[in-house]
Amino acid sequence: MKMRFSIIAVLALAALAYAAPANGPHFEDPKPSGCQSDELSVQVEGLAGDFCSPYCSASQACPTDLPDGTTATPECVLETQGSSSPTNCALICNPATNDGCPQNASCKPISGIGVCTYDD
C-alpha cells in the first residue's frame, strides 16, 4: 500500500512500508532494522534517501527522542494527500550548513527548507 504525503502541502512523499517495531530513538534509518510501530518509512519524491517518520497531529507533537548528536528540529509537517492538516513528522534542517542530521543522514534542500534523509 502506498500513501502520498506532502510537506506543508508542497512536497510529495511515498510511504515505503509499515515496518516492524524497532528499539531506539525515533527518526532512524529504516534500513536494516525497520521503523518503530508509530512510524512509517518514507521517501521524499525527487530526493535521495529515506527516513522513519513518526505520526503526529494537532494534539500529538512529534517525539523528541532523536538519534545521538541530532540537532535538526522534529516538526509535524507531512500531510497525507487530501489531508488538511499534518499527519507525520520530519527532521527539518538548514541545507546551507548541512548539519544537524543524524549520523549517515544529510540535509536535502526542497521548497526553501531542508529535510534529513538517510543516504543509501
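- P25 has its side chain out of reach of L66: every pair of non-hydrogen atoms, C-beta onward, lies at least 4.5 Å apart.
- Side-chain contact check for P54 versus E39: some heavy-atom pair is nearer than 4.5 Å.
- To the nearest 0.5 Å, atom OH of residue Y118 and atom CD of residue Q103 are 9.0 Å apart.
- The list of side-chain hydrogen bond (donor to acceptor under 3.5 Å, both in side chains) pairs with a residue in residues 56-69, not counting sequence neighbours, reads H26-D65, S57-S59.
- Closest approach of T117 and A48 over heavy atoms only: OG1-O, 2.8 Å.
- Remark: E75 CD to C93 SG distance equals 10.5 Å, nearest 0.5 Å.
- Atom-to-atom distance recorded for C52:SG and L40:CG is 9.0 Å, nearest 0.5 angstrom.
- Linking ILVMFWY side-chain heavy atoms closer than 4.5 Å, directly or via other members, places V77 and V42 in a single hydrophobic cluster.
- At least one side-chain heavy atom of D50 sits under 4.5 Å from a side-chain heavy atom of P30.
- The two residues P67 and E28 have their closest heavy-atom pair at CG-CG, 4.0 Å.
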Can C62 and C89 be said to form a disulfide (SG to SG under 2.5 Å), step by step? CA-CA 6 Å; C62 294; C89 306; 2.1 Å; yes

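- Here the closest heavy-atom approach between residue C116 and residue F51 is recorded as O-CD2, 3.6 Å.
- Closest approach of T87 and S83 over heavy atoms only: CG2-OG, 4.0 Å.
- At least one side-chain heavy atom of V115 sits under 4.5 Å from a side-chain heavy atom of I110.
- Nearest heavy atom pair, residue F27 against residue P63, reads CE1-O, 3.5 Å.
- The line from CG of D99 to OG1 of T70 is 11.0 Å long, rounded to the nearest 0.5 Å.
- In the hydrophobic clustering of ILVMFWY residues, with side-chain heavy atoms under 4.5 Å counting as a link, L91 and L47 come out apart.
- Proximity of T97 to C107: side-chain heavy atoms (C-beta onward) are nowhere separated by under 4.5 Å.
- Between the CG atom in L78 and the SG atom in C56 there is a gap of 7.0 Å [rounded to 0.5 Å].
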